[in-house]
Amino acid sequence: MMGNLTMMQVIRADSHLHTPMYFFLSHLSFVDLYLSCVAVPKLLKDLLSEQKTISVEGCLAQIFFVFLGPGNEAYLLSAMAYDRYAAICHPLVYGQVMSHQLCVRLVVISWGLASLNAVIIELLAINLDFCDAQTIHHYMCELPSLFPLSCSDISISISILSLSTIFLGFGNFLPIFFSYVRIILNILSISSTAGRSKAFSTCSSHLVAVILFFGSGMLRYLMPPSGSSLNLLFSIQYSVITPLLNPLIYSLKNKEVKTAVKRTLGKYLQYFRW
């Protein structure tokens, strides 16, 4: 939480970071902060409690909010890939292509589409029938974890969930993939080694975040619902570890962010000295 809050504050306070890339990064930090608040508190409470329970209403609410966060993150990562493509492949018209209006629209669209996907998943969860009180073999309520506990026919629900995951996952992964194909081809065409290294460094942090998030998130929702420890591991990866690592990835691998953090801390220290 502190890492994501720091990223949001530094980007807001430092005028050097008022660019499309960091505009998207501030929203990504907000989504990671939001996702941590949805998943981690209940996990910590259950670790400290002997009786680990959740109400039906609480479980349904968690399903909605858990799916809303990763869905939004997928769309934001796709928008950030397009931003990197525009910056590296069309640097002369980058300011015109990535206008502030376009960035705001992309963020609004990401929230809208993620909310629509979350509503679809929520409707699937509401229509499940449970005969008795059940034990969820998971640390949070996720729709795939409820399927083995339902006494109703879940074949249609599994199909809809798979289609939704494919639409959300591959619908965002394919633009990222094609953006990076164009980026890599453009970088390889640069004659100097220093120029290639500088161009690649501008998108390396984003590429690491994409691999961490899509690798675990898509595997979690495309695997058959079995309640295995592997499913639990993938869920922890995208809902706990990824929000923890993203601020570190973007701060440790980015000179602009590290410089901005030093400037912001210097301003605060100067303020407290007065």
Side-chain angles (χ1 to χ4, degrees), residues 19-29 31-32 35 67-94 97-99 102-103 105-114 116-118 120-121 160-190 195-223 230 233-235 237-239 241-243 245-250 253-254:
T19 63
M21 174 184 174
Y22 294 106
F23 175 79
F24 291 126
L25 181 55
S26 65
H27 284 275
L28 183 67
S29 295
V31 172
D32 284 336
L35 186 57
F67 201 81
L68 176 62
N72 208 331
E73 185 153 347
Y75 288 112
L76 285 174
L77 289 172
S78 180
M80 292 172 74
Y82 179 73
D83 171 74
R84 293 299 81 206
Y85 158 75
I88 294 175
C89 299
H90 303 285
L92 298 179
V93 293
Y94 173 68
V97 173
M98 297 303 298
S99 63
L102 176 62
C103 294
R105 286 181 194 144
L106 289 174
V107 170
V108 171
I109 290 172
S110 73
W111 277 103
L113 293 177
L116 178 61
N117 280 317
I120 293 173
I121 299 303
I160 295 175
L161 177 63
S162 299
L163 289 174
S164 177
T165 304
I166 291 171
F167 173 78
L168 178 64
F170 287 101
N172 287 287
F173 182 77
L174 289 178
I176 294 173
F177 175 77
F178 288 117
S179 294
Y180 272 101
V181 168
R182 296 292 301 273
I183 288 170
I184 292 172
L185 291 176
N186 187 276
I187 290 176
L188 292 177
S189 66
I190 299 175
R196 287 196 296 268
S197 177
K198 182 179 179 180
F200 183 74
S201 66
T202 63
C203 56
S204 59
S205 299
H206 175 260
L207 188 58
V208 172
V210 166
I211 294 172
L212 285 174
F213 176 76
F214 279 93
S216 58
M218 290 183 65
L219 285 173
R220 170 65 181 110
Y221 279 90
L222 289 177
M223 286 181 64
L230 194 58
L233 181 63
F234 288 141
S235 294
Q237 169 66 48
Y238 83 78
S239 64
I241 298 177
T242 297
L245 292 181
N246 275 346
L248 298 176
I249 292 170
Y250 279 100
K253 293 179 65 64
N254 195 307

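Side chains included, hydrogens not; waters and symmetry mates left out as well; all remaining heavy atoms used.
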Chemist: Measure across P20 and M98 and return the closest heavy-atom pair with its distance rounded to 0.1 Å.
Modeler: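 Heavy atoms of P20 and M98 come nearest at CG-O, 3.5 Å.
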Chemist: Can you sort out the partners of Y85 under side chain to side chain donor-acceptor pair (under 3.5 Å), two or more places apart, ordered by chain and number?
Modeler: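 Side chain to side chain donor-acceptor pair (under 3.5 Å) check on Y85 returns H90.
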Chemist: Do the non-hydrogen side-chain atoms of Y82 and P175 ever get within less than 4.5 Å of each other?
Modeler: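 Counting from C-beta outward, Y82 and P175 never come under 4.5 Å.
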Chemist: With sequence neighbours left out, what residues match S110 under side chain to side chain donor-acceptor pair (under 3.5 Å)?
Modeler: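 S110 satisfies side chain to side chain donor-acceptor pair (under 3.5 Å) with N72 only.
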Chemist: Say you draw a straight line from CG of L207 to CD1 of I183; how long is it, rounded to the nearest 0.5 Å?
Modeler: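 Here the interatomic distance stands at 9.0 Å.
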Chemist: Mind checking side chain to side chain donor-acceptor pair (under 3.5 Å) for S179 and listing every partner two or more places apart, or none if nothing turns up?
Modeler: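 So S179 forms no side chain to side chain donor-acceptor pair (under 3.5 Å) with any residue.
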Chemist: If I compare all heavy atoms of A81 with all of Y180, which pair ends up nearest, and what's the gap?
Modeler: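 Heavy atoms only, the tightest pair is CB-CE1, 4.3 Å.
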Chemist: If you define the side chain from C-beta out and look only at heavy atoms, does anything of F23 sit under 4.5 Å from V107?
Modeler: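 SC-SC contact between F23 and V107 confirmed.
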Chemist: Who are the side-chain contact (heavy atoms from CB on, under 4.5 Å) partners of V210, not counting sequence neighbours?
Modeler: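 V210 satisfies side-chain contact (heavy atoms from CB on, under 4.5 Å) with L77, I176, H206, F214 only.
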Chemist: Measure the OG-CD1 distance between S205 and I249 for me, rounded to the nearest 0.5 Å.
Modeler: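 So the gap between those two atoms works out to 7.5 Å.
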Chemist: Can you check whether P70 reaches F213 side chain to side chain, under 4.5 Å on heavy atoms?
Modeler: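 Yes, at least one pair of side-chain atoms sits under 4.5 Å.
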Chemist: What distance separates L116 CG from L68 CG, expressed to the nearest 0.5 Å?
Modeler: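 Those atoms lie 11.0 Å apart.
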Chemist: Tell me every residue that passes side-chain contact (heavy atoms from CB on, under 4.5 Å) with P243, counting only those two or more places apart in sequence or in another chain.
Modeler: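 D32, L35, S36.
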Chemist: Can you tell me which residue among I109, L106, L168 is in a side-chain contact (heavy atoms from CB on, under 4.5 Å) with Y75?
Modeler: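 Of the listed residues I109, L106, L168, the side-chain contact (heavy atoms from CB on, under 4.5 Å) partner of Y75 is L168.
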Chemist: Apply side-chain contact (heavy atoms from CB on, under 4.5 Å) to S164 and list each qualifying residue two or more places apart in sequence or on a separate chain.
Modeler: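 S164: side-chain contact (heavy atoms from CB on, under 4.5 Å) contacts with F67, N117, I121.
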